[in-house]
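In the text below, chain A, chain B and the rest are named by the order of the sequence lines, each starting its count at 1.
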Amino acid sequence: MSTRTHVKTALASAALLVGLAGCAPASTPPAASAPAEATGRLSGTVTVFAAASLKASFTDLAAQFEAKNPGAKVMLSFAGSSDLAAQIAQGAPADVFASADTKNMAKLADARLLDGAAANFATNVLEIAVPPSNPASILSFADLAKPGVKVVLCASQVPCGAAADAVEQAAGVTLAPVSEESSVTDVLGKVTSGEADAGLVYVTDVKGAGEKVKGIAFPESSGAANTYPIAAVGSSRNKELARAFIALVTGADGQKILGEAGFGKP
Amino acid sequence: MTTRKTATYTGIPGWIYAVAAAGALLVVLPLAAMVARVNWANFIPLITSESSLTALGLSLRTSAASTVLCIVLGVPLALVLARGSFPGQRVLRSLVLLPLVLPPVVGGIALLYTFGRQGLLGRTLEVAGLQIAFSTTAVVLAQTFVALPFLVVSLEGALRIAGSRYESVAATLGAGPSTVLRRITLPLVLPGLASGAVLSFARSLGEFGATLTFAGSLQGVTRTLPLEIYLQRETDADAAVALSLVLVAVAIAVVALAYRGPRAGRPVRAESTTPASATGGAVQ
């Protein structure tokens, strides 16, 4: 049953693609037909659901995509990966999904909500973030376990917390956090406001925060690298545009922008 | 007088009922949809898990504490606003009611810059050995901040409706202001105070944004039931829905209690106005 419907949707999307390629002006949505002739033959709107940590790099990439394809418009929605996955599962109109972990992408793949396989496009590791004055004199991961140090982590339920757990195990250090936040941005907020002495965030968050925090890299972090996958959503009505955006992210230009933001190669 | 008005005119155009039904549906339908999603087979294990019970216990304790704080601080505020007369009274009223309309996260940020380590009072408090950030005290402060207006509004309304005739009579008979407050004013507005306290408790129980921003989230210390729901939602939707239902049940109980308050108080008020006006007339 399910394989048959799968084949059917595949055939339908193939037919749609052929149609699009064969007589592009006729089959493109009327709203986007006006400026489509300029340079790029791609037009329409592509809605990208991306993990919150991708905000800066994907905003840049979207601008680049729109510059290259004057007829195309990129709508970005940033939130926690599990929120986004839940929204897509409930029928949110996303064309592309970029997750901060493979687990949430797998949820959608298992539910057969993706168009094709997901591609890994970046990795991210944890780093210690401390206020610029480093009030608790943190120099290593082990320093976080010193008595009196106010450490803030992500809760184990969210990807950054799972990574923190893995690092704790790898380092053989048990931390006693004063707070376990639901998102990495909340952890960063507690550090930038000076409430916490240190927090475990992604290296990209430290880069993004600029002068407001100081990052301390630690060797144990390599044991818990997060892999970021990206995929087109099966219900997308503009799969060609979705694939083009994914190609930009996984291609040389995308990798350059992601690398500058601190992401590692997949 | 109001009773006579409602008795003579009750006509409501039929279309009003249709729109009212749509309004009621907007509230009831999502709740019903949530109830439909409850995993009843696992409901009891889900809501009695260790983390759920810890969160519920913490929520009840902190909400009780902030309700007490609301009463201690809110009763004088309501008295000053209803009976006092001083420059800036209107401005003070608007400011006190501000948390009602403020997004809670804004309240959390404001509290952070007041009681946080780098905040206005934070450094002084730290010198005094008090650390509020990431403590249960922070949760209570956040809850009190958002819940205080509910008590002040309810009580101020009750004070205005009750009028001050009994008080003036007592004063002419030689009672000092504190005696009047204790023996006349507070007993008269007790139903209003009770419903205000119940509403404050409910608002404290539901507090989320200010707590998350200001207090953090740690099991048994700052992770109240709404924060637990928010976290569970990440991995275990069933647990989040089950705990949400617990909060809905508590909220329904609280609202029922709060609405019983004024009704129970109505006879008291009716009694109070008639003889009071009689005595008031006699005194004058």
Self-check item: Interface moiety of A/Val152 toward chain B, non-hydrogen atoms closer than 4.5 Å
Solution: side chain
Quiz item: Among B/Leu212, B/Leu227, B/Ile109, B/Asp236, which has the most heavy-atom pairs under 4.5 Å with chain A?
Solution: B/Leu212
Quiz item: Who wins among A/Lys150, A/Glu180, A/Lys190, A/Glu181 for the most heavy-atom pairs under 4.5 Å with chain B?
Solution: A/Glu180
Quiz item: Should the ring pair A/Tyr228 and A/Phe263 be called parallel, tilted or perpendicular, given that the plane angle runs from 0 to 90° and is split at 30 and 60?
Solution: perpendicular
Quiz item: How are the rings of A/Phe121 and A/Phe58 set to each other: parallel, tilted or perpendicular (split at 30° and 60°)?
Solution: tilted
Quiz item: Which bit of A/Ala85 is near chain B, if near means a heavy-atom gap under 4.5 Å: side chain, backbone, both or neither?
Solution: neither
Quiz prompt | Contact class of B/Ser135 relative to chain A, heavy atoms under 4.5 angstrom | solution = neither
Practice problem: Could you walk me through whether A/Ser236 and A/Asp95 pass side chain to side chain donor-acceptor pair (under 3.5 Å), step by step? | Solution: CA-CA 5 Å; A/Ser236 165; A/Asp95 297 306; 2.8 Å; yes
Exercise. Of all the heavy-atom pairs spanning B/Pro76 and B/Val72, show the shortest one and how long it is.
Key: CD-O, 3.1 Å
Quiz item: Of all heavy-atom pairs between A/Gln157 and A/Lys103, which one has the smallest distance, and what is that distance?
Solution: O-NZ, 4.4 Å
Practice problem: Let me know if B/Gln219 has heavy atoms under 4.5 Å from chain A in its side chain, its backbone, both or neither. | Solution: neither
